[in-house]
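So that the names make sense, note that chain A is the first sequence line, chain B the second, and so on, each numbered from 1.
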Amino acid sequence: MSALDVLDAEQWTVVALSLRVAATAVAFSLPLALLVAWFLARSRSRWRMVVDALVHLPLVLPPVVTGYLLLVVLGRRGLIGGWLDTHLGIVFAFHWTGAALAGAIMGFPLMVRPIRLSLEAIDRRVESAASTLGASSVMVWLSVTVPLALPGVLAGLVLAFARALGEFGATITFASNIPGETRTLPLAIYSYIQIPGGEGQAARLIVISVVVSLGALMVSELVARRIKRLQA
Amino acid sequence: MSIALDFRLTQGRFTLDCSLASAERVVGLFGPSGAGKSSILRVLAGLARPETGRVVIGDRVVFDAERGINVPAHKRRIGFVFQQARLFPHFNVRHNLAYGGWFARHRPDARRFDQVVEMLDIGPLLGRRVAALSGGEAQRVAIGRALLSDPAMLLLDEPLASLDASRKQEVLPYIARLSAESELPIVFVSHQLDELLRLANRHVAVVQGGRVVFSGATADFLSRPSLLGAEGHKDTGVLLKAHVHAHDVDDGLSVLACPQQRLYVPHLPGYAPGAEVTVHVRARDVILARAEPGVTSALNDLRGIVVHIAEDAPAHAVDVILDIDGQRLDARITRKSAAALALRPGDGVHAIIKSLALAEQAWQRLGGL
């Protein structure tokens, strides 16, 4: 019995899909999260509070509500979704990209917060030193601000990844529970539990969930330590 | 290069009204903490934006409120050395030094890099992380980093202020060398007289309470006690120009020629015979004698002629202004002593100065005098 036989083909599909959905979610939300965190950490605009509230909304809203709102806005007949479908051929609803989007939105506040905190901890005077050395504000951002905020970026990535991997409510509402398309780990576990005698199948996926989550935490901790050692 | 500043900057409750112009290469800004010296440098560098006025560096208008000109900091080509080194913690020393070159129009070549590294003695530090540097080392790296960004002007904002006394002595010679040997225009800030005199021997501007209250030649500055701060009257004196004649390493002394008379000062390392130096002589450290004083512990006995006697010195003293072979020397003595000596203009006197009184004093190599 090889290691692959621990899970059947269907279950491997679930694991692969979940990783793809979560990875896509964090990859696309990272640039936006950096910008938003930077805005929240540095701007004195009065829009700051509004943006702050919007970013945190998915954290306090019932996930089903978030999923429903996504469906209204980005569904095939939604306000934006219809336009995206006819003009760009991009579909979110009932599609794996929809699961990724739901994961990204639910993970977004968790990604923004640590990045924002680490940006706020940066010594601004080092940045002004960089500008006297000839770096434009974009170059200061890329060469000083972002590298110094790296531990926070990493923490945000891991939290958002874990959140996207575990996302249930918004996903099932917006993207549904389609095997091979939107059935991620939590949805699959839920489905197994619904059928009599499915607990054994569910248990294997539960173990996978625990292993993947723990693994992500440990990797991020190791990388964070290494960064701190380099910078301390 | 000349600078011309005329601006108003408000920061919270503090208002800085700055009007300052100089054509000298090295300009020192002197004044108490919080007077606005650093803010003047920040405006020069483009890190602070005045409400009104104009800032001209050389022939370049970098700020003009009326015409809406404000050249951003990264385009001003101004090397800034701050009070704290402000090195990049995520780069090692070599990359910190190279950073400015990434953006410079004339990227410093390997030779220039080696030259700066050698001048600042930071070769052994190149591979180190910033966190592993001492305060003095970090500040030297910061100076190198500024120099290697191909600056058109260098600003030094009390670069020694965050260092303890021994670290100061570790860094000061490098800055003095920079000030004397490079051709870079330098504006530098200090609230300590010895630092100021060692680095800026030509032009000093005094900043007090958000205003430039004096701007002019260093010799004029030294003769005006009110400018030297609360305890400043103790430091009033003159700068004597002299040449290094010889070194007496065994006794820890250097012998200066001034110009025909001998002046013994504590050893000046690194100054070859023939090098020009200035020595700050405080008026209150000078003893006057009518006749040859015989055997005393004081090593210096300069012969001069009384030019003028000023009765308005503080603390019941008088200032006797002497001519020492064409150079001015001031002696501050009590009224009682002045009466006992019965000095008159034209009288010949001996000016006696302990070498150790010159220990903490400023001395420096003069460029092009």
Side-chain angles (χ1 to χ4, degrees), chain A residues 30-31 33-34 37-38 41-45 114-158 219-232, chain B residues 38 41-48 71-92 95-108 128-132 138-139 141-157 162:
Chain A
L30 180 63
L34 278 171
W38 183 72
R42 296 288 169 84
S43 167
R44 286 181 200 160
S45 154
I115 299 177
R116 174 186 175 176
L117 289 177
S118 62
L119 283 175
E120 284 171 348
I122 290 176
D123 186 350
R124 303 284 303 270
R125 297 174 307 173
V126 174
E127 294 177 330
S128 56
S131 69
T132 65
L133 291 165
S136 64
S137 43
V138 173
M139 284 314 297
V140 171
W141 203 69
L142 289 175
S143 66
V144 179
T145 315
V146 172
L148 286 179
L150 219 51
V153 172
L154 196 79
L157 276 176
V158 170
V219 167
S220 84
E221 182 61 31
L222 285 176
V223 178
R225 271 190 207 170
R226 178 149 180 78
I227 292 172
K228 268 195 195 130
R229 228 190 23 241
L230 283 173
Q231 294 186 352
Chain B
S38 300
L41 293 196
R42 288 169 51 76
V43 167
L44 268 171
L47 295 177
V71 178
H74 70 277
K75 288 190 179 154
R76 290 199 185 185
R77 289 183 63 217
I78 283 182
F80 204 137
V81 179
F82 302 88
Q83 286 186 27
Q84 272 91 24
R86 300 198 193 180
L87 298 177
F88 303 120
H90 55 305
F91 294 144
N92 66 13
H95 291 140
N96 265 281
L97 290 171
Y99 186 86
W102 300 344
F103 312 104
R105 244 183 303 170
H106 305 285
R107 199 174 171 165
R128 287 229 213 131
R129 286 183 295 114
V130 165
Q139 203 53 277
V141 173
I143 294 166
R145 182 178 69 168
L147 285 176
L148 287 168
S149 68
D150 183 33
M153 172 176 257
L154 197 62
L155 306 181
L156 304 170
D157 184 7
S162 63

Query - Nearest non-hydrogen partners of Glu127(A) and Thr145(A), listed with the distance - result: OE2-OG1, 2.7 Å

Query raised in the report: Heavy-atom distance under 4.5 Å between the side chains of Phe82(B) and Leu41(B), does that happen here?
Result: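 When only atoms from C-beta onward are counted, Leu41(B) and Phe82(B) do not touch, as no gap falls below 4.5 Å.
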
Requested in this report: Report yes if some heavy atom in the side chain of Ser131(A) is under 4.5 Å from a heavy atom in the side chain of Leu47(B); otherwise report no.
Outcome: yes

Query raised in the report: Is NZ or CZ of Arg145(B) both nearer than 6.0 Å to the six-membered ring centre of Phe88(B) and within 45° of the ring axis?
Result: yes

Requested in this report: Can you tell which part of Leu87(B) gets under 4.5 Å to a heavy atom of chain A, answering side chain, backbone, both or neither?
Outcome: backbone

Query raised in the report: Is it the backbone or the side chain of Ile78(B) that comes under 4.5 Å from a heavy atom of chain A, or both, or neither?
Result: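 Just the backbone, heavy atoms under 4.5 Å.
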
**Report entry** Heavy-atom pair count under 4.5 Å with chain B, highest-scoring of Ser136(A), Ser137(A), Ser128(A)
**Finding:** Ser136(A)

